Peer 1: 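Pasting a structure below so you can have a look.
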Amino acid sequence: MSSTFKYRFRSPFGGLAADLTAECASPGPGEEFFLQVDRQVRLALPQGINWRDAAWLSFGLAVHAPGLVAGHPQGVLVRVVSFDFPLAHFRSEVAALAMDGWLRQEFDLHDRGLRAVFDKERESYGFHWGDCAELF
């Protein structure tokens, strides 16, 4: 059964927002297309998703791969049902933050330090990736 995580970050410019609806399943022999994020962690995406959003969703999942495998040694498939966002309040990096939030909500995984910040001097958003290197 799928569930939705609503990522929200407020700033003087309004903020960033995205809704991620996903579900978890055991990997099977089906012919469903998926990305291999880790040895036992797979990601299935909806058709037509932007490549940057796919990359950042994968990054958000990869950050939690060790914790997922520890709880699911047989492997896990995260199937993204939908990924919605208002164009005025979105950057592709938000996909990683939405995936991070969904995974922590669903699996009670610990916070890995993924964050959005607003730099008042530059009037722009920045992102912190915990102990992980930035994807791009």
Side-chain angles (χ1 to χ4, degrees):
M1 182 171 180
S2 64
S3 64
T4 301
F5 178 79
K6 295 177 181 282
Y7 177 81
R8 302 292 185 268
F9 176 77
R10 296 201 181 273
S11 77
F13 287 160
L16 301 169
D19 295 350
L20 174 68
T21 301
E23 57 193 21
C24 181
S26 295
E31 295 188 24
E32 178 176 22
F33 175 80
F34 61 83
L35 299 175
Q36 190 79 34
V37 174
D38 193 71
R39 185 173 217 171
Q40 297 293 330
V41 179
R42 299 173 179 175
L43 176 64
L45 298 165
Q47 284 187 311
I49 194 162
N50 181 279
W51 70 271
R52 285 185 186 264
D53 300 343
W56 284 109
L57 286 166
S58 297
F59 178 76
L61 181 56
V63 167
H64 289 286
L68 288 171
V69 171
H72 301 86
Q74 77 284 2
V76 64
L77 169 70
V78 173
R79 183 178 297 115
V80 175
V81 176
S82 67
F83 183 60
D84 303 305
F85 50 87
L87 290 176
H89 301 287
F90 184 73
R91 288 198 25 195
S92 289
E93 293 92 331
V94 172
L97 301 174
M99 178 61 79
D100 170 62
W102 185 85
L103 290 166
R104 290 191 296 123
Q105 171 184 281
E106 290 299 305
F107 298 102
D108 196 31
L109 299 171
H110 69 279
D111 186 344
R112 301 292 309 259
L114 280 63
R115 303 267 186 279
V117 295
F118 183 76
D119 185 333
K120 290 179 184 178
E121 290 179 16
R122 293 185 179 164
E123 296 184 341
S124 67
Y125 295 102
F127 299 91
H128 296 279
W129 305 115
D131 294 336
C132 303
E134 185 172 341
L135 183 58
F136 294 106

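What you see is a predicted model; the values in this text were computed from it and never measured. All heavy atoms count here, side chains included; hydrogens, waters and symmetry mates do not.
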Peer 1: Looking at F9, F13, F83, which hits ring pair (Phe, Tyr, Trp, His ring centres under 6.0 Å) with F90?
Peer 2: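 Going through F9, F13, F83 one by one, the ring pair (Phe, Tyr, Trp, His ring centres under 6.0 Å) with F90 is satisfied by F83 alone.
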
Peer 1: Taking CG in D111 as the centre, count heavy atoms belonging to other residues, nucleotides or ligands within less than 6.0 Å. Is the count above 12?
Peer 2: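 More than 12 heavy atoms, drawn from other residues, nucleotides or ligands, come within 6.0 Å of this atom.
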
Peer 1: Not counting sequence neighbours, list each pair that qualifies as a salt bridge (Lys or Arg N to Asp or Glu O under 4.0 Å) and has a residue in residues 34-49.
Peer 2: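 Not a single pair qualifies under salt bridge (Lys or Arg N to Asp or Glu O under 4.0 Å).
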
Peer 1: Verify, without hydrogens or angle tests, whether W102 (side chain) and Y7 (backbone) share a donor-acceptor contact under 3.5 angstrom.
Peer 2: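 Absent.
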
Peer 1: Return the minimal non-hydrogen interatomic distance between L103 and G60, and the atom names on each side.
Peer 2: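 Closest approach of L103 to G60: CD1-O, 3.8 Å.
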
Peer 1: Return the CG to CG distance between L61 and L68, rounded to the nearest 0.5 Å.
Peer 2: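 Between L61 CG and L68 CG, I get 6.0 Å after rounding to 0.5 Å.
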
Peer 1: First locate atom CZ of F5, then atom CG of L97, and finally report the distance between them rounded to the nearest 0.5 Å.
Peer 2: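 Taking CZ in F5 and CG in L97, the distance rounds to 9.0 Å.
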
Peer 1: For S92, does its backbone N or O pair with a side-chain atom of R52 as donor and acceptor, under 3.5 Å?
Peer 2: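 Looks like no, no N/O pair under 3.5 Å.
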
Peer 1: Using the side chain to side chain contact (heavy atoms under 4.5 Å, CB included) rule, take V78 and E106 through it: C-alpha gap first, then chi angles, then the decisive distance, then the call.
Peer 2: CA-CA 11 Å; V78 173; E106 290 299 305; over 6 Å; no

Peer 1: With a 6.0 Å cut-off (strictly less than), is the heavy-atom count around CG of D131, excluding the residue itself, greater than 12?
Peer 2: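 No, not enclosed.
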
Peer 1: Can you list everything that forms a ring pair (Phe, Tyr, Trp, His ring centres under 6.0 Å) with H72? Sequence neighbours excluded, please.
Peer 2: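 Ring pair (Phe, Tyr, Trp, His ring centres under 6.0 Å) check on H72 returns F107.
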
Peer 1: If you look only at distance, which donor and acceptor atoms sit under 3.5 Å apart when one is on a side chain in residues 16-29 and the other is two or more places apart or in another chain?
Peer 2:
| from | atom 1 | to | atom 2 | distance (Å) |
| --- | --- | --- | --- | --- |
| D19 | OD1 | R8 | NH1 | 2.8 |
| D19 | OD1 | R8 | NH2 | 2.9 |
| D19 | OD2 | K6 | NZ | 3.4 |
| T21 | OG1 | T4 | OG1 | 2.6 |
| T21 | OG1 | S82 | OG | 3.4 |
| E23 | OE2 | R79 | NH1 | 2.8 |

Peer 1: How far apart are the closest heavy atoms of P46 and V80, and which atoms are they?
Peer 2: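 Looking at all heavy atoms of both residues, the shortest contact is CD-O, 3.4 Å.
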
Peer 1: For A96 and W129, which heavy atoms make the closest approach, and how far apart are they?
Peer 2: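 Heavy atoms only, the tightest pair is CB-CZ3, 3.9 Å.
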
Peer 1: Looking at every non-hydrogen atom in both residues, tell me the closest pair between A44 and E32 and how far apart they are.
Peer 2: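 In terms of heavy atoms, the two residues are closest at CB-OE2, 3.4 Å.
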
Peer 1: Is it true that V94 and I49 fall in one hydrophobic cluster, defined by side-chain heavy atoms closer than 4.5 Å?
Peer 2: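 Looking at the clustering, I49 is in the same group as V94.
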
Peer 1: State, with a plain yes or no, whether a side-chain heavy atom of L57 is found less than 4.5 Å away from one of L35.
Peer 2: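 Counting from C-beta outward, L57 and L35 never come under 4.5 Å.
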
Peer 1: Is there a side-chain contact between F34 and L77 in this structure, where contact means two heavy atoms from C-beta onward sitting under 4.5 Å apart?
Peer 2: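 Yes - at least one pair of side-chain heavy atoms lies under 4.5 Å apart.
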
Peer 1: Evaluate side chain to side chain contact (heavy atoms under 4.5 Å, CB included) for R91 paired with W56, printing each intermediate quantity in order.
Peer 2: CA-CA 10 Å; R91 288 198 25 195; W56 284 109; over 6 Å; no

Peer 1: Between R104 and H64, is there a side-chain heavy-atom distance shorter than 4.5 Å?
Peer 2: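 Yes, their side chains come closer than 4.5 Å.
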
